Amino acid sequence: MLNQFMSYLGSNVTPGGANNQLWALIYVLIIFAGVSVAVMAMNWFERKALAHFQIRLGPMRVGPHGLLQPIADALKLMLKEDIIPQEADQFVFWIAPVIGLLAAFTVYTVIPFGPSQAVSDMNIGILFMLGVSSLGVLGIVVAGWASNSHYPLIGALRSSAQMVSYEIAMGLAVVSAILMTSFNASGTGTLSMIGIVRSQQQQGIWFIFKFFPLGLVAFVNFVVAMIAETNRAPFDMAEAESELTAGYHTEYSGLRWSLFMLSEYAAMIAVSSIAVTLWLGGWLRPFPNLLHAPGWDFVFSLFPGLTFLGLAAIAFIGVARMPAHFSFKIQRIGLAAFAAMLGFIALLLLLIAIAGRSSSSDASIAARFREGIDYVYWFVLKVALFMYLFIWLRATWPRYRFDQLMRIGWKVLLPITLGVLVLTAIVGVIVS
Amino acid sequence: MVPITTFHYLVVAAALFVLGVIGVLTRRNVVIVLMSIELILNAVSLNLVAFSRMWGNLHGQVFAIFIVVDAAAEAAVGLGILIAFFRNKETINIDEIDLLKW
Amino acid sequence: MIPLFIWALDSPLQHPAGIAAFLISVVAPVNGEMAPVATPFFFYLLSGLAVAGGFFVVTRHNPVHCALALIVTLIAVAHLYLMLYAPFVAGVQIIVYAGGIMVLFLFVIMLVNIERASKDRRFNRIWPVGLAAACALMGLFVSAFVKGRGLFPDRMIKLPEASNTQEIATALYGEAGRMGQYTFAFEIASLLLLVAILGAVIMTKKRI
Amino acid sequence: MSDGTVKETNEISGQAPAHHDQSHLHLEAPEKPYLDSNELIINMGPQHPATHGVLRVILKLDGEKVLGTECVIGYLHRGVEKIGENRTYTMFNPYVDRMDYVAAVSNGLGYCEAVEKLMNVEAPARAKYIRVILTELNRIASHQLWLGTHALDIGAMTPLFYTFRDREEILKIFEKYCGARLTTHAFRIGGCQYETYAGFEKEVKNFLAFVAPKIDEYEELLTTNRIWLERTRNVGVISGDDCVALGVTGPVLRASGVKWDLRKAQPYAAYSEFDFEIPTGENGDTYDRYLVRMAEMRQSLRIIEQAVNGIPEGPIMGKVPKVIKPPVGEIYHSIEAPKGELGYFIVSDGSTQPYRLRVRPPSFVNLQALDVMVRGLLVADVIAVIGTLDIVLGEVDR
């Protein structure tokens, strides 16, 4: 088993590819756990970041700086009474959050965290992602209907109309990015997620900068559409708190409600991953072609370790700033342990980076390992920036009205994305 | 197990087709009748894709895509008619849709 | 939901694939270079789901349940497409059917009077006639299949799958300045869609 | 939506049949010249995140379009006017704070001045200045609370916390002055009970310097924000004539272009001595009301600055008997509260208790405009309009 793992590390194939079924399974488990942890971390980070935007502290009581708050929340939600309204359609009410969750998690099958760090490499990868994420709307619609109540119904109708409309703009923006993959020697594009990133590598440019304004415009359109697609502020009409109480999940509580939250955040991460893959070069580090000397490789491979070192430093500052009162003792110890853990991870990563450097020429396991960490690190970093964008928008902007939202979708985004698509084709033909 | 051949797919398609026909001919609710039509269309395109595999060319798949296009158009128009009808007669029962003019 | 889940995890495109393949290798060891997902087990599972979904579409009282059953059927059929080496058709099926048309259906079901519809009789006045006609059709199919068993060869030609999308595009749009075989039909289809959109909008709008 | 749901709503409304008969919504037999597939009636409130307390609005919707509204009020009715008849003039003074609890100082000012007018006494000049300072501070606090909740209703979460941070400074001044933060009971009939504490002027001046940039900060977040503009412009438009016909007062009236402010029109307290402007709007939409209130906050700062600089020395209590027994007669006195014209009508029979006391609450009267303003708009606009009317249910229901 260990040998197989090592041989896998040494190989350069996608787990879903030939003879790697076992690792595909392990990847599925890793991704499931990773996404769940990411959602929890996102939950904590959103509350803290939002709080600091709003001159508050956010969760401070459960664990040092509220670090254990998501766990406490999850426990509370699991232990809560599970209410199904009497007039609700029992079966559909039960299955609705499951549909949403399945759709949100299924998308991760094709997300490439690295050239060989993906569950599978489908040749219709992006089509698959769009299709499966469009299934998420079914969960919302069905949830709103099954609740047999007015506010959820309105929320469901709103969000179904919203998601179906914005899927079109989103799809067109994606198509213009796919079109860019075809401007190579063979003239053939690809729908595979890994292929898209590889073609950015080959063309030596992230697609956000390709044909300068065009890629950027398509990217911005995609970002707007993806925010609408995930029902986040300023397009959170479906769950507009002040209008529809909680929209489609008004009648939900406890575990089922948390499933909705989980799928919402998972979907956010998923669409951000699409944006990163299509426009921001996926797992590619900045300037892979310009600064390609082995020395630069080494410098960039230090980033993961340094990031964790920075996080550890922040945590240690937090320990130092904690009140010296004895009732904070446990919290201080906890935070110090957390900081030490981060520091240990940082040390490990730095060690791997250094060990991988010395033998970067041959395909030693350390070098492979270092490369894998690099890929995942840059991918996750880019996605994390999107997560911050989501929070930032939520803290800053009021909510659009429903008709305005539809107007933006149909009268602004759709024509712009269509125009970008046509222009991309024209420019591509002229250039190549 | 017996290897799966085109014939197996045809049987499945035939079963879906017959189910669709039963739905169209017996259900009262127009929405469900429309859904049954979708079943029939699916059965047909399954046939086409199976034949495409059998002959080793893509014509069947292209036709399947055309069928999806047609299904989209049909659903849009059918449901549009349904909404217009519901506004006027407040019913979606196929038994009560018996006037040529209202 | 099982088909969705399977679809989530299998990937017959880069054979063999994903957890589905893993499951298969546990359930029924595969030999040779046969794609594991294209096994009889999966065929029977998916076709069973498709037919069961169709059955529920025809028999359930509540239109929303019917719609959910139809979604199961559609996704199962998409899987069958994948097993038939037609990944692009499968993707289109999911995006357009399950993600688009079915949402439209659900939307309309919610707009129209569903409370009363679910208390009504399920079947129309002439249902015995309809059932008889359908049974006759089934008889026709059975006799045709029994008698014409030999008409359908058992061969299954492997299609080049990695370039499936590209070949469909060639058929639809043509290649290197030449019109494809189906370019004209494709344009007509777009016209059909345009007419359908206009018709739907005009019919549903109260005042234009 | 469906037969079943309409019936269900009727059952709920059926709890108050008398009220129901007067309903202009025709809930039982909706006249449908054209059968509509998606007409539904929903109850917004009394437990709803955006109805500012316990307002219940029955909305008749066509999809999301509002066909009509009906406000059901009284969930917070405490019979303040009746209580007034059973308390002496002095004892009733704290009760008025509980009406518009976010602008308690204004309520007290109106009541004290009404009784003073009835008794023909006048508060000394210093008391009047203190009253003006506190009232204007309270106007800023009220507008800040309005801004925060209004923005929250429209979906901007952050301004709420900014305004509450700054409102806190005002409440601190109140607390230092009279010991209470919300229901202050700051004034007495005939003047003020408390002399200003040491450093009062300095703190108020500090506050002025502190809050002026903060108001710019709120405006920075909202005034030119595209989404804010789209959500508020041409939403809930009401003309000046309609406002006058409905009796709407305050910023809502002024935003419709009617330059009517009791501080100028019928100066009370010391307002005639200050130099300030009446900001008015043009379109009478939600955005204009927002701008008018923001401008009013700045004008209030001006008034406070003048008052603090010019505060005279002298007594703070006029010549008022120990037992207040106004002569037989009646009086109507109104002031410009943050939400509009707050009037007190007091009938005295010469005893220590009012014979009849009637309050004209601005929120209650302004709420009448809701139906005019939201017809034909969307559900989301109802939220915006309820927010822009700046109602306090304690005052509506009394």
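Every chain is numbered from 1 and lettered A, B, ... according to where its sequence line falls, protein lines coming before strand lines. Small disclaimer: the values here were computed from a predicted structure and weren't measured.
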What part of [X] gets within 4.5 angstrom of chain B, counting heavy atoms only: side chain, backbone, both, or neither?
| X | value |
| --- | --- |
| C/Phe141 | side chain |
| C/Leu104 | both |
| C/Leu70 | side chain |
| C/Leu172 | side chain |
| C/Phe145 | both |

Original post:
Which members of residues 185-192 of chain C, sorted by number, sit under 4.5 angstrom from chain B on a heavy-atom basis?
Top reply: C/Ala185, C/Phe186, C/Ala189, C/Leu192
Between [atom1] on residue [X] and [atom2] on residue [Y], distance to nearest 0.5 Å:
| X | Y | atom1 | atom2 | value |
| --- | --- | --- | --- | --- |
| C/Phe55 | B/Ile22 | CZ | CD1 | 9.0 Å |
| B/His59 | C/Ile168 | NE2 | CD1 | 12.0 Å |
| B/Ile65 | C/Tyr182 | CD1 | OH | 11.0 Å |

Looking at every heavy atom in both [X] and [Y], which two are closest together, and how far apart are they?
| X | Y | answer |
| --- | --- | --- |
| B/Ile32 | C/Pro63 | CD1-CA, 4.1 Å |
| B/Leu39 | C/Gly54 | CD1-CA, 3.8 Å |
| B/Leu19 | C/Val58 | O-CG2, 3.2 Å |
| B/Ala71 | C/Ile101 | C-CD1, 3.9 Å |

Subject >> Over 12 foreign heavy atoms within 6.0 Å of CZ, B/Phe7 >> reply: yes
Original post:
Would you say C/Phe56 has more than 12 foreign heavy atoms packed within less than 6.0 Å of its CZ?
Top reply: no
Where does [X] contact chain C at under 4.5 Å (heavy atoms): side chain, backbone, both or neither?
| X | result |
| --- | --- |
| B/Val69 | both |
| B/Glu74 | neither |
| B/Ala76 | both |

Looking at chain C, which one of [options] has the largest number of heavy-atom pairs inside 4.5 Å, strictly under?
| options | result |
| --- | --- |
| B/Thr26, B/Leu10, B/Val12 | B/Thr26 |
| B/Ile81, B/Val21, B/Val31, B/Val49 | B/Val49 |
| B/Val24, B/Leu25, B/Val11, B/Ile67 | B/Leu25 |
| B/Val33, B/Leu46, B/Asp70, B/Val77 | B/Leu46 |

Original post:
Does any N or O in the side chain of B/Gln61 come within less than 3.5 Å of the main-chain N or O of C/Pro87, such that one atom is a donor and the other an acceptor?
Top reply: no
Original post:
When C/Val108 is tested against each of B/Val30, B/Leu82, B/Leu34 for side chain to side chain contact (heavy atoms under 4.5 Å, CB included), which residue passes?
Top reply: B/Leu82
